Amino acid sequence: MKKIVLSLVAGFTALTGFSQEVDFIEYDLPNGLHVILHQENAAPVITVGVMYQVGAKDEEPGRTGFAHFFEHLLFEGTENIERGKWFEIVGANGGSNNANTTQDRTYYYETFPSNKLELGLWMESERMLHPKIEQIGVDTQNEVVKEEKRQRIDNAPYGAILYRTGIDKHLFKKHPYGQSVIGSMEDLDAAKLDEFIGFNDKYYNPNNAVLVVAGDIQIDETKKMIEDYFGPIPNNAPTNVRKEIVEDPITETRFATEYDPNISIPVKIFSYITPKSVEKDAYVLDYISSILTGGASSRMQKRMVEEEQIAFQVLAFNQANQDYGTYTMGALPKGDVTLDQLAKVMDEEIKKLQTELISEKELEKLKNQFEARYVQSNSRVQGIASSLATYYMLKGGTDKINKELDIYKSITREDIKRVANTYLNPNQRLELDYFAGEAPKDASNEEVKVVDNKIQINKIYFDNDKATIKSESAKELDRIATFMQSNPSLEIMAESYTDSKGATRYNKELSQKRAESVKTYLVSKGIAENRITAVGKGESNPVVDCSSQECTEEQHEQNRRTEFTIIKK
């Protein structure tokens with residue numbers, strides 16, 4: 001019902017027509033509450049929204065997840081709204097409501113028929129003034145949040161990519177953007193009731209919020225109701241003044257591996273730290289995202305999915321937050337295609353943006369797409385209310401709602417080339433291999449044993465006639481990569497073998513491909529190429545001699561393996 005907001009930029013179908021300015025007035029109440037009103041009397045509908053300047057980045061270490069938890073907790077009830085009745089009241093009056101949380105803010109809203117404006121204002125003033133934060137509500141919502149995490153992230157295919165829990169922790173080492181919005185269940189379990197009450201007192205105050213009312217209203221009448229319901233609410237703490245936390249730039253490629261038991265097809269991911277939401281370059285990256293994967297005619301879609309057929313699906317999305325942005329792109333391999341092959345093509349598409357100007361036709365198409373998106377996002381009062389609050393709190397001022405389209409229209413082909421060169425370089429990114437299967441239990445920390453210069457790990461096996469790294473094998477290769485990183489002068493030989501099913505020449509060539517796949521994987525983890533010698537051994541030295549007996553498929557698989565020998569210490 002409620003959700004963590006995900007800001008994914010995709011392509012939008014171009015619409016004809018023109019955009020018009022969003023009219024609004026704004027002012028402050030004496031208690032510091034900022035108010036924004038937008039009158040639109042075309043339909044008898046209103047939205048009442050309150051955005052609080054508190055998100056995941058405001059949480060204390062060891063108490064992650066509080067901001068998102070409150071998104072749930074503050075629907076429990078108030079002194080004048082019986083516990084569990086919030087949604088019932090809204091539904092009985094023809095309305096709908098929801099809430100969402102990001103790294104930077106938490107937003108609550110109700111949409112009602114316009115004759116229920118006063119009800120909407122009263123309910124949000126109740127949430128701010130009279131929340132009931134009790135142990136029974138904390139316990140109830142704790143279970144709700146755990147179930148949400150299971151459904152959206154733990155048990156959802158690619159959940160750690162969609163909700164970035166498998167990405168941001170590798171990008172941000174200092175800034176709290178590295179922690180997930182949904183937070184840690186252990187932190188929530190350990191928190192005491194007094195801590196939840198304290199969090200509410202610190203952040204849920206008029207001086208830390210913006211109230212937006214949009215739709216079929218009369219300004220003077222609405223102002224009077226707002227004064228009546230919100231004017232008397234006191235502040236329990238000063239305005240939330242955020243400390244600036246500077247993230248060190250990425251200067252060398254970061255390599256990481258994540259595992260997902262809910263998928264069968266892996267993903268190759270590139271992710272970059274990019275400018276914050278108020279900077280023009282963040283808008284340019286929206287264009288780049290659309291160029292690469294925004295629709296059927298986008299570059300990566302046409303090349304990788306349709307023409308070369310090396311990917312089932314491609315993705316790219318730009319997310320610009322208040323302090324930093326992130327740009328992520330990726331692809332799912334098709335057939336025997338390796339993640340490294342996908343990475344090579346993705347780099348080629350980035351290089352084109354860095355060296356060649358896009359066509360005038362392509363630029364015009366982008367401008368049409370983003371004008372359509374702007375019109376669509378502001379076509380309903382619910383969307384306008386959210387936009388007004390967001391521009392005020394996070395994007396440099398409410399008036400930016402009427403300037404955003406001009407920013408997109410001002411972007412040039414040269415801007416796109418410049419931004420691609422500024423932010424999308426290999427030494428500035430995370431390269432994430434997202435595999436199917438269970439993550440090894442502290443595999444990278446397990447001691448790698450060496451006997452007579454032979455590295456003792458589980459064998460690296462391959463499927464019949466294939467040279468693709470299996471997820472189980474990737475876990476073992478990660479251990480070797482970690483071992484080599486901790487022993488920087490070490491050099492190894494990777495010897496790959498086949499079964500005896502094919503002809504001798506075929507087996508020799510296939511085993512060499514397998515050895516090269518192993519080497520490529522280790523290189524992708526940051527190991528220098530000159531430290532790995534890849535040798536295809538064909539069907540020699542079988543684990544099980546299948547030439548003199550009929551072997552099972554499992555026995556054949558045991559012969560399709562890679563072994564490692566240290567050749568220099």
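Reckoned from all heavy atoms, side chains included, excluding hydrogens, waters and symmetry mates. This is a predicted model, so every value here is computed, not measured.
E79 places no side-chain N or O within donor-acceptor distance of the main-chain N or O of H130, the cut-off being under 3.5 Å. Side-chain atoms of Q53 do not come within 3.5 Å of backbone N or O of N208 as any donor-acceptor pair.
Between K280 and D415 there is a salt bridge, since at least one side-chain N of the basic residue sits less than 4.0 Å from a carboxylate O of the acidic one. Of the charged side-chain nitrogens involved, none lies within less than 4.0 Å of a carboxylate oxygen, so that E364 and K367 do not count as a salt-bridged pair. Between R413 and E360 a salt bridge is recorded (basic side-chain N to carboxylate O distance below 4.0 Å). Between K174 and E247 there is no salt bridge, since no side-chain nitrogen of the basic residue lies less than 4.0 Å from a carboxylate oxygen of the acidic one. Using a 4.0 Å cut-off between charged nitrogen and carboxylate oxygen, E143 and K146 count as a salt-bridge pair. Under a 4.0 Å N-O distance rule, the pair E110/K116 does not qualify as a salt bridge. With salt bridges taken as basic N to acidic carboxylate O contacts below 4.0 Å, none links D220 and K223. Ion pair D347/R429 flagged as a salt bridge, since at least one NZ, NE, NH1 or NH2 atom sits closer than 4.0 Å to an Asp/Glu carboxylate oxygen. At a threshold of 4.0 Å, the pair E356-K417 does not count as salt-bridged, since none of the basic side-chain nitrogens sits closer than that to a carboxylate oxygen.
V213 pairs with exactly one of T222, V35, I219 by the side-chain contact (heavy atoms from CB on, under 4.5 Å) rule, that one being T222. Screening I133, T106, T101 against F70 for a side-chain contact (heavy atoms from CB on, under 4.5 Å) leaves a single residue, I133. Partner of R299 under the salt bridge (charged side-chain N to carboxylate O under 4.0 Å, His left out) criterion, out of E362, E306, E348, E349: E362 alone.
Defined by atom type and a distance below 3.5 Å, a donor-acceptor pair is present between the side-chain atoms of Y177 and D104. With no hydrogens or angles considered, no side-chain donor-acceptor pair links R105 and N321 at under 3.5 Å. When only modelled atom types and interatomic distance are considered, T326 and R164 share a side-chain donor-acceptor pair under 3.5 Å. Residues Y423 and D281 bring a donor and an acceptor atom of their side chains to less than 3.5 Å of each other.
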Verdict with reasoning, R127 to Y108, per side-chain hydrogen bond (donor to acceptor under 3.5 Å, both in side chains): CA-CA 10 Å; R127 195 196 309 269; Y108 304 84; 5.5 Å; no
In sequence, state the C-alpha distance, the side-chain angles, and the governing distance for S290 and Q369, and then conclude on side-chain hydrogen bond (donor to acceptor under 3.5 Å, both in side chains). CA-CA 9 Å; S290 189; Q369 287 177 334; 3.1 Å; yes
Does the pair D286 and Y408 meet the rule for a side-chain hydrogen bond (donor to acceptor under 3.5 Å, both in side chains), with working shown? CA-CA 9 Å; D286 282 345; Y408 281 121; 2.5 Å; yes
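Here R63 pairs with E195 under the salt bridge (Lys or Arg N to Asp or Glu O under 4.0 Å) rule; sequence neighbours left out. Every residue two or more places apart in sequence or in another chain that forms a ring-ring contact (aromatic ring centres under 6.0 Å, His included) with Y392 is listed here: H34.
Aromatic rings of F196 and F66 (six-membered ring for Trp) have centroids within the 6.0 Å cut-off, being under it.
Heavy-atom neighbours of K351 NZ from other residues, nucleotides or ligands within 6.0 Å: at or below the threshold of 12.
When all heavy atoms are compared, the tightest approach of H38 to D23 is ND1-O, 2.6 Å.
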